[in-house]
Chemist: 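I have a structure here, written as structure tokens, and I will follow up with some questions on it.
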Amino acid sequence: MALAFCGDEGNSTAYNVDHGVLNNGCFVDALNVVPHVFLLFITFPILFIGWGSQSSKVHIHHSTWLHFPGHNLRWILTFILLFVLVCEIAEGIVSDGVSESRHLHLYMPAGMAFLAAITSVVYYHNIETSNFPKLLIALLFYWTLAFITKTIKFVKFCDNGVGFSQLRFCLTGLLVILYGMLLAVEINVIRVRRYVFFKTPKEVKPPEDLQDLGVRFLQPFVNLLSKGTYWWMNTFIKTAHKKPIDLKTIGKLPIAMRALTNYIRLNEAFEAQKVCKASSSPQGSRSIWRALCCAFGRPLLLSSTFRILADLLGFAGPLCISGIVHNTKIIGVFFISSQEFLSNAYVLAVLLFFALLLQRTFLQASYYVAIETGINLRGAIQTKIYNKIMQLSTSNMSMGEMTAGQICNLVAIDTNQLMWFFFLCPNLWAMPVQIIVGVLLLYYLLGISALIGAAVIIVLAPVQYFVATKLSQAQRSTLEYSNERLKKTNEMLRGIKLLKLYAWEHIFHSSVEETRQKEMTSLKSFALYTSISIFMNAAIPIAAVLITFVVHAHLTRKADFSPSVAFASISLFHILVSPLFLLSSVVRSTVKALVSVQKLSEFLSSEEIGEEHDKSSELRSGDNHSKYQAVVSNCLICRKKKSALKLVFCFLFLSTLAQITNGFFTWTPEGPPALSNIDIRIPQGQLTMIVGQVGCGKSSLLLAILGEMQKISGNIFWSRKRGSVAYASQKPWLLNATVEENITFESPFNKQRYKAVIDACSLQPDIDILPHGDQTQIGERGINLSGGQRQRISVARALYQQTNVVFLDDPFSALDIHLSDHLMQEGILKMLREDKRTIVLVTHKLQYLPHADWIIAMKDGNIQREGTLKDIQKSETELFEHWKTLMNRQDQELEKTIIESKTVLERTNLRRTMYSREALLKDDEEDEEEVTESDDEDNLSSVLHQRAKMPWSACGKYLSAAGILLLPLLVLSQLLKHTIMVAIDYCLALWTSDGFFYIFSILCCLGIVLCLVTSIAVEWTGLKVTKKLHSSLLNKIILAPMRFFETTPLGSILNRFSADCNTIDQHIPATLECLSRSTLLCVSALAVISYVTPMFLIALVPLAIMCYFIQKYFRVASRDLQQLDDSTQLPLLSHFSETVEGLTTIRAFRYEAKFRQKLLEYTDSNNIASLFLTAANRWLEVRMEYIGACVVLIAAVTSITSCLYNELSSGLVGLGLTYALMVSNYLNWMVRNLADMEIQLGAVKRINGLLKTEAENYEGLLSSSQIPQNWPDRGEIQIQNLSVRYDSNLKPVLKHVNAHISPGQKIGICGRTGSGKSSFSLAFFRMVDTFEGRIIIDGIDIAKLPLQTLRSRLSIILQDPILFSGTIRFNLDPEKKCTDSMLWEALEIAQLKHVVKALPGGLDAIVTEGGENFSQGQRQLFCLARAFVRKTSIFIMDEATASIDMATENILQKVVMTAFADRTVVTIAVSTVSATFLM
């Protein structure tokens, strides 16, 4: 065939239109080539030079600095230009289709223009990022020339009568407009930047974010092409494959996306609502919704626009399939209309390809914008919640109106619900459009029968919604039972030592299992409704297609039921089903969002402490200031008048730091006053001690002074505006940080002062035994410290601060007498008192009263007496004598203990250090084993280095747990279902007679049945696996030795029961079903396309290689980012819970601003991880969907070619194209589900790691018949050559101990901390390894007894009081063996009978989690009562009176002497008083 620019015909008929001929038509086309050739010759050398010199810009992200005006408009116009040029090329080729010679002038200029357009945008991008605006002059000339030449061509068309009926005329007109607009953009750049034709060009600076190399999230700054394809993520994804992703890798958030920026935007919207509405409840739900829409509504509109455009472009698929199958022929004429152009199958294939590219780009852009908006909104709301927490009234927390758990739920769950609502929000507008257009197109194709099929889908939509509602209810019910189970598991793990000592494991095991059974019932409902939902998703399209085609076949018997109609209809039904199924999710998400906003509204309107606080501030700064001035003037008068009385008054007032007059304070507005008739003063620069019995209100008084309690009446005066108060609460509050950070507490580090504080609090021996010294992480993660260590670190924090006022609430409660005295002498008296700082000390240690400058004695919420010790000695003789008795006892104790232990002090510390170092070394070894064997991924550093391949072994363990019967059923049903699906579509392709109608109907029915079978099989498998794994895990953990709990962090074990069990319960089955479905759909689709057109296999190889590498790189990055997202969420939630728990301390220190800053840092870290994860997901989906579009294009071209030349039936062409579209839809889901499954299988791997834990040996050499029923009845103990160690690899803590304790004898065991006292008590219960010697109780060697029997026949009271949530009755007698009278007797012995009687319900009164509704001392007394209830002949007390005041201990020990007169009592105490009293 001849080839020439104008064709080689004698008379060129290139523009032969009716009667006129344009003789210069070819010349005009040749003229149009000139601008494009000019641009290519000019720009190529500059581009090569430019690429070589780009390294000059190193201080900014030079590849992302977009600063020329009209940037986005230029890119949009260029994309449109490229599309129009492709159409012009296609039009030229189609027009020239049947000529004997090729007329290059019909499409070659357009081809050159296409190259020039691409070159122009590449050139522009390089010029812009290199900041050489003068080089844009080349583009100015190019657009001018292109506009002129194209205008000439358009004018000639008009002159020769070529009009809108010809496509070429329309395309030329569009190109004139586009070139004109691009020329206008170029002129605007000159006008604004003034780089030519002006004397002084305009200088521009890069934005602040791009000057900061720490900002690596570049989505807001890159050009449109990179934005749409996430091209900027390529470098990041490749880097992630080489080294683990951490917070340093992902860098900082851009300023516009930071939590503070978004919080300010949200807060401004809230303030605007207050101004507009001026309502009484500015924080109501409606106001919150308006504020959210005002702050974050604009990007949602953009997302919705993208979504609607994507949905409309989605209909191009069915329409193009219909056109391709119907028009598998080539048309060729010189001038063609739009209709003739679109009748060409190849044109439709190319248009389908471009439509898919555009549709996927818009869809992913919609997703990204919506998710980014949701993440920004979440950060803003979390910041607002945190600011509210800082102002919350303490009574809300202490009285249970608002728990830390509720606030954490608000942060973790409700903010996420709002985020996901904003993500799904665009569907609210897009779904109606999609449904209406889908139904109209179906009606156009099938007529009335389409409405019947659509009616089936629409009628079943409420059923789907009902199922979704039930699913949501089942999930909520499961969550409630799961929370209850976790609460019980948490209590079980926290109190595991007590449970083992009391042999109560079976009780709590049964309790957890009982709750788990309820949870499993809910999970069965959840699984049932999930399987129904999966079944309906798969079956409804089949049913709709079956009913539609059956009705269509009957209504139009003689009509041609062509494959083009059939396959276009199937694609439309699949499109129509999607929004209707999504409707249930959107509605559910909307309901959850409404509930979350309601919760947020209630929280934001809760009572604040600031309101009352501000009033007192105003009072002080107003009335009190004038009073102060008056006092000063009076003092001056006093000097003149020499009035002694007035001088005393002046001195008292001016030397007072704080004063309460006629104060009544309560925790709740409705409740009775907790403190009454409070009239006290706190002298400035002196030591004030507050003393009194347990529960008399000492701690409450401190909080009242700090303004934390609700004031009913009275006044609090401070001599000046209250600044920072160093406050150490009774319950130590530690940060999840290092020891050093906990002590310095945001203050500058002063080495000398730090060392002095460490010495004063005797912390150096404790620091020495920590694996990383004072840089060891403590708190929820890391080392679990003892109560005394926590207390001393808390006190050290108060001592370290350079504040003038220090409040210490019972700092000696968990310390032995040595540590207490050292802290008093070196810390309080030397460091604080000598510095003339004001100290307020709450204590039970009355021997320190002589050091007090001022004493406040309390009783039952009232001030019993206030004054110096001499004042009280004179006025309250009886009280003073009582104190003197107790002080003498404690002084004797101190002297005796010092004499006894002075010589062994250093040895004790050394042994403690050596033992603990070895213990920790062993812990590290075990941790390493745990990482290698069980892949415990709790530690962030280990998480980032777990970069193994797909965990197929964990997958095998998961599936093998399903059993022999379920696994084959699961696999076979999935394979059979997809085989039937392919058979249905194949049958449709070959539908030629009534016989196929019946086969089609049978296959559809069979497919529906198999959909049900597969959905049930998957969920049934999940249920069986989850039941088996949880049961095995619980049994293993409850029987594990105590050493396991001492060396494994509690949080790590709890995570296995919470997050990992939840993953196995609810997520893995759904992911497994999605993965198998998407994989088998893709495989079957590729198989069908390859069968229809074998040529497709050639193109499949490079596409498969691309897919492999994309998924390989993505899975690594996705796993790291997912884990980073989770791991950055933990510190954020931990910071919230820490703040709630330490709210009084933070406010006392006036550290609100510092903690807010920390919150912003944690929020930004979590948000940047979430944004990178979102961008990575979009990166994958865009690439997979582009590959899917390539599959469609190749399948379409090969099918059309085969149909034209190999007589392939049009039905098979439709089948191939329909499956090609399916690949486009499911390819990214396959990779995403593979990545999700990889992460989720980590839960199975971790649980399997814990299942390898060895259990304690509960069996004994003696059977139950060989053990007397009432053993031990006498209580005689013989200890023979006893040596004890905690582990076979550690040194002994007791060596060759020999002792004999007679029946009924009262024995005291004394010694310093770490000397082995507690180890001695644990040896009675076989809680430690007795490797030498033996203990004989009443003639029986305890090593031969079954553990359950031994531990159930002895009683012990531990140092740390442990109470469980439930009733008082349950805490005293969980085995339900005692009568009420026995319980009341035990309470009377423990001095608690009057307390319990006053409670509503008496013995059935509720105990909150951890016994938080009782004071520390009362909790200890309940533990004493619990031990009394057991009535065993041997009774062990391990520092049981540490938290009890001396007066109560005195009464208690007298009662114990009487009640236990015939029992053997072993008392372990650092206090020799307790021991000597019993001897």
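If you're wondering where the values come from, they're calculated on a predicted model, not measured in any experiment.
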Chemist: Can we call the ring centroids of Tyr727 and Phe1149 under 6.0 Å apart?
Modeler: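 No; Phe1149 has its ring centre 6.0 Å or more from that of Tyr727.
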Chemist: Is Lys1158 salt-bridged to Glu746, cutoff N-O under 4.0 Å?
Modeler: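 Between Glu746 and Lys1158 there is a salt bridge, with a charged N closer than 4.0 Å to a carboxylate O.
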Chemist: Looking at every heavy atom in both Met689 and Thr843, which two are closest together, and how far apart are they?
Modeler: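 Closest pair (atom of Met689, atom of Thr843, distance): SD-CG2, 4.3 Å.
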Chemist: Backbone N or O of Ser794 within a donor-acceptor pair of the Asn742 side chain at under 3.5 Å?
Modeler: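 Side chain of Asn742 to backbone of Ser794, a donor-acceptor pair under 3.5 Å: no, none is there.
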Chemist: Which heavy atom of Leu410 sits nearest to which heavy atom of Leu600, and what is that distance?
Modeler: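 Looks like CD1-N, 4.1 Å.
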Chemist: Quick check against the 3.5 Å criterion: does Arg753 have a side-chain atom that pairs as donor or acceptor with the backbone of Leu799?
Modeler: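 Flag set: sc Arg753 to bb Leu799 pair under 3.5 Å.
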Chemist: Hey, does the side chain of Arg837 reach the backbone of Thr803 with a donor-acceptor pair shorter than 3.5 angstrom?
Modeler: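 Confirmed, Arg837 side chain pairs with Thr803 backbone.
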Chemist: What's the shortest heavy-atom distance between Ala798 and Ala728, and which atoms?
Modeler: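 Here Ala798 and Ala728 meet closest at CB-CB, 4.2 Å.
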Chemist: Under 3.5 Å, is there a donor-acceptor pair between the Thr838 and Gln684 side chains?
Modeler: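 There is no such pair (donor and acceptor under 3.5 Å, judged by atom type) between the side chains of Thr838 and Gln684.
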Chemist: Rounded to the nearest 0.5 Å, what separation is found between the CG atom of Asp810 and the NZ atom of Lys698?
Modeler: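 Here the rounded value is 7.0 Å.
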Chemist: What heavy-atom pair brings Lys252 and Arg258 nearest, and what distance separates the two atoms?
Modeler: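 Looking at all heavy atoms of both residues, the closest pair is CB-NH2, 4.3 Å.
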Chemist: Examine distances only and state if a side-chain atom of Arg792 and a backbone atom of Ser762 form a donor-acceptor pair shorter than 3.5 Å.
Modeler: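 Yes, Arg792 side chain to Ser762 backbone: donor-acceptor pair under 3.5 Å.
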Chemist: Provide the closest heavy-atom pair for Ser699 versus Asp809 in the form atom of the first, atom of the second, distance.
Modeler: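 Distance-wise, the nearest heavy atoms are OG-OD2, 2.7 Å.
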Chemist: Could you walk me through whether Lys592 and Asp414 satisfy the salt bridge (Lys or Arg N to Asp or Glu O under 4.0 Å) test, starting with their C-alpha distance in whole Å, then the side-chain angles of each, then the deciding distance to 0.1 Å, before giving a yes or no?
Modeler: CA-CA 8 Å; Lys592 286 179 180 177; Asp414 292 307; over 6 Å; no
Chemist: Between Phe1136 and Tyr386, does the ring centre distance come in under 6.0 Å?
Modeler: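 Ring-ring flag for Phe1136/Tyr386: true, centres closer than 6.0 Å.
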Chemist: Can a side-chain donor-acceptor contact be found between Arg378 and Thr415 if the only test is distance below 3.5 angstrom?
Modeler: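 Side chains of Thr415 and Arg378: no pair found under 3.5 Å.
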Chemist: Distance check, rounded to the nearest 0.5 Å: Leu392 atom CG versus Asn387 atom CG?
Modeler: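 Here the rounded value is 11.0 Å.
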Chemist: Using a 3.5 Å distance criterion without hydrogens, assess whether the side chain of Ser1165 forms a donor-acceptor pair with backbone atoms of Glu1161.
Modeler: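 Yes, Ser1165 side chain to Glu1161 backbone: donor-acceptor pair under 3.5 Å.
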Chemist: I'd like to know if the side chain of Gln775 reaches the main chain of Glu740, judged simply by a donor and an acceptor atom lying under 3.5 Å from each other, with no hydrogens or angles considered.
Modeler: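 A pair under 3.5 Å: no.
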Chemist: Salt bridge check, Glu1152 against Arg1147: does any charged N sit closer than 4.0 Å to a carboxylate O?
Modeler: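 Looking at Glu1152 together with Arg1147, the answer is no, because their closest N to O distance does not fall below 4.0 Å.
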Chemist: Checking Gln801 side chain against Thr744 main chain: does a donor-acceptor pair fall under 3.5 Å?
Modeler: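 Side chain of Gln801 to backbone of Thr744: a pair is present.
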Chemist: Over all heavy atoms of both residues, which pair between Leu823 and Cys761 is shortest? Give the atoms and the distance, please.
Modeler: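 Shortest heavy-atom separation between Leu823 and Cys761 comes out as CD1-SG, 3.9 Å.
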Chemist: When you check the gap from the basic side-chain N to the acidic O, do Glu484 and Lys488 get nearer than 4.0 Å?
Modeler: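 Looking at Glu484 and Lys488, the cut-off is met.
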